Amino acid sequence: MRENFDNSGKLKRAISYIPALIPAFISTLSWKIFARGDVSVMTAIKMRRSIRHYKDKPVEREKLKKILEAGRLAPSAGNMQEWKFIVVSDKNTREKLAMAAHSRFVVEAPLVIVACATITDCVLESGQLAYPMDVAIAVDHMTLKAVEEGLGTCWVGDFDERKVKEALNIPDDVRVVTLLTLGYPKYVPGPRKRKKLEEIVAYEKWS
Ligand SMILES: Cc1cc2nc3c(=O)[nH]c(=O)nc-3n(C[C@H](O)[C@H](O)[C@H](O)COP(=O)(O)O)c2cc1C
């Protein structure tokens, strides 16, 4: 009797997870169907997710090269291209990066692209620093190209820069903008909520 009661509790709990799992199931399935090259930009934008669970499967060199190439072709202020991307595959080094970022999935991903800025003092007339924008655009290009290649990424912006620099021998005058994990997703989560267009767009004047 008691066992039946326990089992019905477990069953109820399992059933309660189903609504949350459906979006992940649909996303994972649609990746299997669509993320195989020749994806439209809008499809890649819609399919991209932050992937925090990776398969134990290496990334092919050719695919990595295409993703880096997508970053290389990104626009930058005054065409400065003040970026440098360090591709880390060594497990010990990934361990150090994971410690610096307090995130285990940084080790689970077979590759981490450490996106750095080599010119960090260029201030635009608007008063904005150029390098965070420039490096971010290049990294975003990579995240979208990765979707087309059937690969997942996650931006990691929370990290101890000093520890990352130590691990990779990065010079003092260089800034580390982000760590981008890269690999085959174990599963693809459903979409996170976004604000409605009406909330974030104004026409002609601030409103
Ligand atoms: C600049 C930036 C920094 C981020 N830093 C982290 C991070 O340190 N750790 C993490 O797990 N996700 C990080 N993310 C991922 C966001 O949490 C994620 O993009 C957001 O929740 C929306 O989910 P989605 O990417 O699946 O659409 C970061 C994203 C951006 C753009």
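No experiment lies behind these values; they were computed from the predicted model shown. Residue numbers start at 1 and run along the sequence shown. We count ligands from 1, going down the list as the structure has it; atoms in each ligand are counted the same way. Side chains included, hydrogens not; waters and symmetry mates left out as well; all remaining heavy atoms used.
Salt-bridge formation is detected for the pair E148/K145: a Lys NZ or Arg NE/NH1/NH2 atom is positioned less than 4.0 Å from an Asp or Glu carboxylate oxygen. Under the 4.0 Å criterion applied to side-chain N and carboxylate O atoms, E62 and K66 are not assigned as salt-bridge partners.
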Hey, can you pull the donor-acceptor pairs under 3.5 Å for the side chains in residues 108-120, sequence neighbours left out?
residue	atom	partner	partner atom	Å
E108	OE2	Y54	N	2.6
T118	OG1	E82	O	3.4

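Within 4.0 Å of ligand 1, protein heavy atoms belong to R48, R49, S50, R52, F105, C154, W155, V156, G157, D158, R192, R194, listed by chain and number.
Between F159 and the options R162, K163, E161, a side-chain contact (heavy atoms from CB on, under 4.5 Å) holds for only E161.
Under the ring pair (Phe, Tyr, Trp, His ring centres under 6.0 Å) criterion, H53 pairs with Y187, sequence neighbours left out. Applying the side-chain hydrogen bond (donor to acceptor under 3.5 Å, both in side chains) test to S89 and every residue at least two apart in sequence or in another chain returns nothing.
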